[in-house]
Amino acid sequence: EVQLVESGGGLVQPGGSLRLSCAASGFTFSSYWMSWVRQVPGKGLEWVANIKEDGSEIYYVDSVKGRFTISRDNAKNALYLQMNSLRADDTAVYYCARSFDYSSISHWGQGILVTVSS
Amino acid sequence: QSVLTQPPSASGTPGQRVTISCSGSSSNIGSNYVYWYQQLPGTAPKLLIYRNNQRPSGVPDRFSGSKSGTSASLAISGLRSEDEADYYCAAWDDRLRGVVFGGGTKLTVL
């Protein structure tokens, strides 16, 4: 069974940094594209970034380019999202997700809340 | 404003058939697969339909997807109370180089 467990969320001040982690199990992590998707509470879904199996291709939504960095450690079955220069509008539940390929999402973690506020 | 356009709400009575539309453009739905997700209240989204019309194992055949040109639809037949949820469509966008979602449709079972 595919399991994705996020950690590292919490309250951070505007301009601050936070690193999200996702522990993956139940599948061969190194064989799949992985993604981060976020959702402002009560609002819709927004794709944030994805990364190829070997990390050689990465895509970001325009609103986080230059501030967020997605990475992975296939030896540890872990996905990361380094978030810098955080803004109030980054406040959301962040989901770790496994993809079929670069263009899709098949499985979701339970999500973790990031709150950017002073 | 979402790149893919969905109606904000839909409703039906138990046993009815309802459809939810998703409208896009040539750079997303027109040239890539469409995916549908169901999000029950307070839970993470779940894949409902992949590659336009394929159902993952465990998804009832009451759920079906279709695509034509730059639009797609999710149909739910034999509506049940447990189908009350938010539904999202998604596709890759070749111009934006990213996954784009619809704004979501809240389905109410009357």
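Side-chain atoms are counted along with the backbone in the values below, which use heavy atoms only and exclude waters and symmetry mates. Treat the numbers as computed from the prediction; the structure is a model and nothing was measured. Below, read A as the first sequence line, B as the second, and so on, with proteins coming before strands; counting in each chain starts at 1.
- Side-chain contact between B/Leu47 and A/Phe100: present, with at least one pair of heavy atoms (C-beta onward) separated by less than 4.5 Å.
- The cluster map of Ile, Leu, Val, Met, Phe, Trp and Tyr, joined by side-chain heavy atoms under 4.5 Å apart, puts A/Met34 and A/Met83 in the same cluster.
- Considering every non-hydrogen atom in both B/Ala44 and A/Tyr95, the closest pair reads CB-CE2, 3.6 Å.
- Looking only at side-chain heavy atoms (C-beta outward), B/Val99 and A/Ser35 stay at 4.5 Å or farther from each other.
- Taken to the nearest 0.5 Å, the OH atom of B/Tyr37 stands 9.0 Å off from the CG atom of A/Leu45.
- Ranking A/Ser106, A/Ser99, A/Gly111 against chain B, the residue ahead of the rest is A/Ser106, based on heavy-atom pairs under 4.5 Å.
- Of all the listed residues (A/Gln39, A/Gln110, A/Lys43), the one sharing the greatest number of non-hydrogen pairs under 4.5 Å with chain B is A/Gln39.
- Cluster annotation: B/Tyr35 and B/Tyr87 are assigned to distinct hydrophobic clusters (Ile/Leu/Val/Met/Phe/Trp/Tyr, side-chain heavy-atom contacts under 4.5 Å, transitive).
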Any chance you could lay out the side chain to side chain contact (heavy atoms under 4.5 Å, CB included) test for A/Asn50 and B/Trp92, step after step, and finish with the verdict?
CA-CA 12 Å; A/Asn50 63 3; B/Trp92 178 262; 4.0 Å; yes

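- Summarising the geometry, atom CG belonging to B/Asn28 is positioned 12.0 Å from atom OG belonging to A/Ser103; distances are rounded to the nearest 0.5 Å.
- Ring-plane geometry between B/Phe101 and A/Trp108 is classed as tilted, the angle between the planes lying from 30 to 60 degrees on a 0 to 90 degree scale.
- Only the backbone of B/Thr43 comes within contact range of chain A, with at least one heavy atom under 4.5 Å from a heavy atom of that chain.
- In the hydrophobic clustering of this structure, A/Ile112 does not group with A/Tyr80; members are Ile, Leu, Val, Met, Phe, Trp, Tyr whose side-chain heavy atoms approach within less than 4.5 Å, directly or through other members.
- In terms of heavy-atom pairs under 4.5 angstrom with chain A, the leader among B/Gly103, B/Gly98, B/Ser2, B/Pro45 is B/Pro45.
- B/Val109 and B/Trp36 fall within the same hydrophobic cluster, defined by Ile, Leu, Val, Met, Phe, Trp and Tyr side-chain heavy atoms under 4.5 Å apart, directly or through other members.
- Under the 3.5 Å distance criterion, the side-chain polar atoms of B/Tyr50 are left unmatched by any main-chain donor or acceptor of A/Ser104.
- Surrounding CZ of A/Arg87 are more than 12 heavy atoms belonging to other residues, nucleotides or ligands, all under 6.0 Å away.
- The number of heavy atoms from other shown groups lying within 6.0 Å of OH (B/Tyr33) does not exceed 12.
- Placement of A/Leu4 and A/Leu113 within a single hydrophobic cluster is found when ILVMFWY residues are connected by side-chain heavy-atom separations under 4.5 Å, directly or transitively.
- B/Arg97 and A/Trp47 make their closest contact through O-CH2, 3.9 Å (heavy atoms, listed as atom of the first residue, atom of the second, distance).
- If you measure heavy-atom distances from A/Val37 to chain B, the contacts under 4.5 Å come from the side chain alone.
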